[in-house]
Engineer: 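This structure is in structure tokens; I'll ask about it shortly.
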Amino acid sequence: MKQLLLTLLIFFTSIAASAQDLKPMRTVDGNVVLSQSDPNARIEILPPATYVGAVRFTLYDVADCEIHLFVDADDDKQVRRLYWVQFEAYLPEHPTLAYEHHPAYTPTELNGLPFYQRARFGQSTDTPKPGSDADRAYKLLSENGYKLPAETVNVTYKHFLDSTMRKEVLLMVIEDMALSGTSFSQLVKNNELQPTWAPIADKLLERSPNAFAISLK
């Protein structure tokens, strides 16, 4: 019995250790995220934006994931806009894994650099998958006292570092849906997407790139 308890203790201790956060590799100077590798980059979040913090962890045991969050929020820490910078790379022990082009993403450019973009909307009551990047990001927000709007629109940008498709930079802007002058009930009726979403998505895609100033070295 003692041997069994010892084995279980070692097992659960190893799980806890593997779940511990890692030290972020990138630094932040004001509203600028500075990355020295994967990639060598300078990513500025244009004002108004306040730095929330960072979290780095192993995502689903297969990828190194580092997230930096910035917010435009009111005095009660109610978020109007969330700016999300994420660096992700598959671990060397998983050499066959690679990212794929999602058909819902369309090619675009940010500061002359190739990215893929996608506009979406949703409700903050939707619970993210435990251990996911969204789960960790929303916990970081909550730990710092920030609250997301009940309904949001967002644009995600993805940049793949090279042809191996094993490393990516992800940028996201999440906005209070009210800033777009609409609501979830207007965009979805009887579980069907309404035509009113298309012009809102177009305007969102038009203004969201203005949140970032990016240079890769």
Engineer: Is the number of heavy atoms from other residues, nucleotides or ligands within 6.0 Å of CD (Glu93) greater than 12?
Structural biologist: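 Atom CD in Glu93 is crowded, with more than 12 foreign heavy atoms closer than 6.0 Å.
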
Engineer: Quick check: closest heavy atoms across Gly181 and Gln186, and the distance to 0.1 Å?
Structural biologist: O-OE1, 4.2 Å

Engineer: Working to the nearest 0.5 Å, report the span between CZ of Phe160 and CD of Glu100.
Structural biologist: 9.5 Å

Engineer: Test your reading of the model: is there a side-chain donor-acceptor pair from Asn144 to the backbone of Tyr146, 3.5 Å cut-off?
Structural biologist: no

Engineer: Identify whether Leu171 and Val55 are in the same connected component of the hydrophobic contact network (ILVMFWY, side-chain heavy atoms under 4.5 Å).
Structural biologist: no

Engineer: Does Asn111 reach the main-chain N or O of Ile214 with its side chain, forming a donor-acceptor pair under 3.5 Å?
Structural biologist: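 Yes, because the side chain of Asn111 sits within donor-acceptor range (under 3.5 Å) of the backbone of Ile214.
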
Engineer: Any chance you could measure Ile174, atom CD1, to Leu141, atom CG, to the nearest 0.5 Å?
Structural biologist: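 Going from CD1 on Ile174 over to CG on Leu141, the span is 8.0 Å.
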
Engineer: Does the side chain of Tyr90 reach to within under 4.5 Å of the side chain of Pro95, using non-hydrogen atoms?
Structural biologist: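 No, their side chains stay 4.5 Å or more apart.
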
Engineer: Mind checking whether Phe212 and Leu204 sit in one hydrophobic cluster, side chains of I, L, V, M, F, W, Y counted as touching below 4.5 Å?
Structural biologist: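 Per the 4.5 Å side-chain linkage, Phe212 and Leu204 are co-clustered.
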
Engineer: Is there a continuous path of hydrophobic side-chain contacts, each under 4.5 Å between heavy atoms, that joins Leu140 to Phe70?
Structural biologist: no

Engineer: Taking a hydrophobic cluster as the set of Ile, Leu, Val, Met, Phe, Trp and Tyr residues connected by side-chain heavy atoms closer than 4.5 Å, whether directly or through intermediates, do Leu97 and Tyr99 fall within one such cluster?
Structural biologist: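 Same cluster: Leu97 reaches Tyr99 through Ile, Leu, Val, Met, Phe, Trp or Tyr contacts under 4.5 Å.
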
Engineer: Can you confirm whether Arg26 sits close enough to Asp38 that some side-chain heavy atom of one is under 4.5 Å from a side-chain heavy atom of the other?
Structural biologist: yes

Engineer: Within the structure provided, determine whether Ile67 and Phe57 are in side-chain contact (heavy-atom separation under 4.5 Å).
Structural biologist: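 Yes, close enough: below the 4.5 Å cut-off.
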
Engineer: Please confirm whether the ring centroid of His102 lies under 6.0 Å from the ring centroid of Tyr116.
Structural biologist: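 Aromatic pair excluded; centres sit 6.0 Å or further apart.
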
Engineer: For Asp202, does the CG atom have more than 12 heavy-atom neighbours from other residues, nucleotides or ligands under 6.0 Å away?
Structural biologist: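 Yes, enclosed.
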
Engineer: Does Thr108 offer a backbone N or O that forms a donor-acceptor pair with the side chain of Gln117 under 3.5 Å?
Structural biologist: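 A pair under 3.5 Å: no.
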
Engineer: Are Thr152 and Met177 close enough that some pair of their side-chain heavy atoms sits under 4.5 Å apart?
Structural biologist: no

Engineer: Does the side chain of Met165 reach to within under 4.5 Å of the side chain of His101, using non-hydrogen atoms?
Structural biologist: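 Touching, per the 4.5 Å side-chain cut-off.
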
Engineer: On a heavy-atom basis, which atom in Arg120 and which in Trp197 lie closest, and how many Å separate them?
Structural biologist: O-CH2, 3.6 Å

Engineer: Got Tyr83 and Val33 here, is their nearest side-chain heavy-atom distance under 4.5 Å?
Structural biologist: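 No, their side chains stay 4.5 Å or more apart.
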
Engineer: Could you check whether any side-chain heavy atom of Met25 comes within less than 4.5 Å of a side-chain heavy atom of Ser35, counting everything from C-beta outward?
Structural biologist: no

Engineer: Would you mind checking if Lys147 and Asp76 are paired as a salt bridge, meaning a charged N to carboxylate O distance below 4.0 Å?
Structural biologist: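 Salt bridge absent between Asp76 and Lys147.
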
Engineer: Is there a donor-acceptor contact under 3.5 Å from the side chain of Lys203 to the main chain of Ser180?
Structural biologist: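 No, because the side chain of Lys203 does not come within donor-acceptor range (under 3.5 Å) of the backbone of Ser180.
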
Engineer: Provide the closest heavy-atom pair for Glu66 versus Pro24 in the form atom of the first, atom of the second, distance.
Structural biologist: OE2-CB, 3.5 Å

Engineer: Just verifying a value: how many Å separate Leu46 CG and Asn31 CG, rounded to the nearest 0.5 Å?
Structural biologist: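 Rounded to the nearest 0.5 Å, the CG-CG separation comes out at 8.5 Å.
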
Engineer: Tell me which one of Val173, Leu69, Val52 satisfies side chain to side chain contact (heavy atoms under 4.5 Å, CB included) with Trp84.
Structural biologist: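 With Trp84 as partner, side chain to side chain contact (heavy atoms under 4.5 Å, CB included) holds for just one option, Leu69.
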
Engineer: I need the Leu205 CG to Arg118 CZ distance, nearest 0.5 Å.
Structural biologist: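 Answer for the CG-CZ pair, Leu205 versus Arg118, is 11.5 Å.
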
Engineer: Over all heavy atoms of both residues, which pair between Glu88 and Asp133 is shortest? Give the atoms and the distance, please.
Structural biologist: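 That closest heavy-atom pairing would be OE1-OD2, 4.5 Å.
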
Engineer: Do the side chains of Tyr105 and Leu170 join up, straight or via other hydrophobic residues, at under 4.5 Å, putting them in one cluster?
Structural biologist: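 Yes, it is one cluster - the side chains of Tyr105 and Leu170 are joined through contacts under 4.5 Å.
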
Engineer: Report the relative orientation of the aromatic rings in His68 and Phe87; use parallel for angles under 30°, tilted for 30 to 60°, perpendicular for over 60°.
Structural biologist: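 Taking Phe87 first and then His68, their aromatic rings stand perpendicular (interplane angle over 60°).
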
Engineer: As an exercise, state the distance from CG of Leu59 to OG of Ser132, rounded to the nearest 0.5 Å.
Structural biologist: 7.5 Å

Engineer: State whether the side chain of Gln194 and the backbone N or O of Glu192 hold a donor-acceptor pair below 3.5 Å, judged by distance alone.
Structural biologist: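 Present.
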
Engineer: Does the side chain of Ser208 come within less than 4.5 Å of Tyr157's, by heavy atoms?
Structural biologist: yes

Engineer: Between Asn154, Thr182, Leu193, which is the residue that forms a side chain to side chain contact (heavy atoms under 4.5 Å, CB included) with Phe121?
Structural biologist: Leu193

Engineer: Could you report the tightest heavy-atom contact between Asp64 and Leu91, atom names first, then the distance?
Structural biologist: N-CD2, 3.9 Å

Engineer: Are a donor atom and an acceptor atom from the side chains of Asp162 and Thr164 found within less than 3.5 Å of each other?
Structural biologist: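 Yes.
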
Engineer: In Å and rounded to the nearest 0.5 Å, what is the OG1 to CD distance from Thr27 to Gln36?
Structural biologist: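 Taking OG1 in Thr27 and CD in Gln36, the distance rounds to 6.5 Å.
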
Engineer: Could you walk me through whether Val169 and Leu216 pass side-chain contact (heavy atoms from CB on, under 4.5 Å), step by step?
Structural biologist: CA-CA 11 Å; Val169 176; Leu216 299 184; 5.7 Å; no

Engineer: Could you pull out the closest heavy-atom pair between Pro128 and Tyr138, with the gap in Å?
Structural biologist: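 Heavy-atom minimum between the residues: CG-CD1, 3.9 Å.
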
